[in-house]
Amino acid sequence: MQRSTPLQLGVAGADGAMGRAVLALIEERADLELAGVITRAAGLDEALGACEVIVDFSTASASAALASAAAERGRPALVIGSTGFTEAEETAIAQAASRIAIVKSGNFSLGIALLAELVEQAARRLGPADWDIEILEAHHRRKVDAPSGTALMLGEAAARGRGRKLADLAARGRDGLTGARGDGAIGFASLRGGGLVGEHSVILAGEDEILTLSHSARDRRRFARGALTAALWVNGKPPGLYDMRDVLGSEVREVSPR
């Protein structure tokens, strides 16, 4: 059922580039109303009380703290787009999701969601005995974490396709005399420079052929739009930790064999 009043939305990390992109889009939407803003300096308590959903593009530590604070109150739902989480921060968010609904994703682009599905399919069909997987990502010079959250998301998709956990397969840095490539490894390489919004390629390399699946972001408003789609979707959902496959499930699964 379509609601008759705008969703009361908060933005955490509102003083960052992604936060500003989300704020700009909210102004263009009749179905959303800005009810709270959280910056590095202030706004947490007010937003927790006024908002139905908070879209969060802050930092990993701030996101974990926000999730814990929201869970303690039992509201609001969260859409988390921060990356670079430690294991403890991931645990804090997972615990918070037992009390509130959280959509957490390294990327809110529909194109990336589709790419992840394709990567999983390719990794399943092209086995590790003959095909190596490498993930290349490039971002602007100001990005502080590597590999990117999107690259890790693609790595997780590849690992699912291989029936393994990414933690058991990831090769996240090579330097010096590293020896031969490990069987079944999923490698990562990160580039940083200029104003790159986001470039991701998944390379499946065989002995005599190479398959490359890639995505190029041209405008970060694409990610902001996806986050707002997630915010409308998660409002009213039961507690749980969701991702963009849940938000976009029907559209994404059109690419899957039936």
Least distance between heavy atoms, [X] atom then [Y] atom:
X: G184; Y: L169; value: O-CD2, 3.5 Å
X: A96; Y: A67; value: CB-O, 3.4 Å
X: A50; Y: A35; value: CB-O, 3.6 Å
X: T83; Y: G149; value: CG2-CA, 3.6 Å
X: I93; Y: A64; value: CG1-CA, 4.1 Å
X: A224; Y: L25; value: CB-CD1, 3.5 Å

Is there side-chain contact between [X] and [Y], with at least one heavy-atom pair below 4.5 Å?
X: E137; Y: L191; result: no
X: S82; Y: T59; result: no
X: F85; Y: D145; result: no
X: V53; Y: L78; result: no
X: W131; Y: E209; result: yes
X: L228; Y: E28; result: no
X: V247; Y: T229; result: yes
X: R73; Y: D45; result: yes

Donor-acceptor pair, side chain of [X] and main chain of [Y], under 3.5 angstrom:
X: S98; Y: A94; answer: no
X: S109; Y: F223; answer: no
X: Q8; Y: P6; answer: yes
X: R75; Y: C51; answer: yes
X: S105; Y: M244; answer: no
X: R245; Y: A113; answer: no
X: E89; Y: T86; answer: yes
X: N235; Y: L232; answer: no
X: R162; Y: A123; answer: yes

Does atom [atom1] ([X]) have a neighbourhood of more than 12 heavy atoms from anything else shown, all under 6.0 Å?
X: E90; atom1: CD; answer: yes
X: R141; atom1: CZ; answer: no
X: R221; atom1: CZ; answer: no
X: R40; atom1: CZ; answer: no

How many angstroms lie between atom [atom1] of [X] and atom [atom2] of [Y], to the nearest 0.5 angstrom?
X: L154; Y: H215; atom1: CG; atom2: NE2; answer: 10.0 Å
X: I26; Y: R29; atom1: CD1; atom2: CZ; answer: 9.0 Å
X: S201; Y: L136; atom1: OG; atom2: CG; answer: 5.5 Å
X: L248; Y: I112; atom1: CG; atom2: CD1; answer: 12.5 Å

* Asked: Between L66 and L48, does a side-chain contact (heavy atoms from CB on, under 4.5 Å) hold up when you go through it step by step?
  -> CA-CA 9 Å; L66 172 62; L48 289 174; 4.0 Å; yes

* Asked: Can R174 and E134 be counted as an ion pair, charged N to O under 4.0 angstrom?
  ->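 Yes, R174 and E134 are salt-bridged.
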
* E199 and R218 ion-paired at < 4.0 Å ->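 Yes, E199 and R218 are salt-bridged.
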
Look at the side-chain heavy atoms of Ile, Leu, Val, Met, Phe, Trp and Tyr, link any pair under 4.5 Å apart, and say whether [X] and [Y] land in one connected group.
X: I210; Y: V202; value: no
X: I135; Y: L115; value: yes
X: L166; Y: L126; value: yes
X: V79; Y: I102; value: no
X: L241; Y: V234; value: no

* To do: Check the pair S148 / H200 against side-chain hydrogen bond (donor to acceptor under 3.5 Å, both in side chains), numbers first and verdict last.
  => CA-CA 9 Å; S148 69; H200 293 87; 2.9 Å; yes

* Qualifying residues under ring-ring contact (aromatic ring centres under 6.0 Å, His included), relative to Y242, sequence neighbours excluded -> W233

* **ring-ring contact (aromatic ring centres under 6.0 Å, His included) against F57, all qualifying residues, sequence neighbours excluded** =>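 ring-ring contact (aromatic ring centres under 6.0 Å, His included) list for F57, sorted by chain: F108.
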
* **I186 and its side chain to side chain contact (heavy atoms under 4.5 Å, CB included) partner, picked from D168, D132, I133** =>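 So the option named by the test is I133.
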
* Asked: When L9 is tested against each of L34, V55, I54 for side chain to side chain contact (heavy atoms under 4.5 Å, CB included), which residue passes?
  ->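 Option passing the side chain to side chain contact (heavy atoms under 4.5 Å, CB included) with L9: V55.
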
* Regarding N107 and T150, is there a side-chain donor-to-acceptor distance under 3.5 Å anywhere? ->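 There is such a pair between these side chains.
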
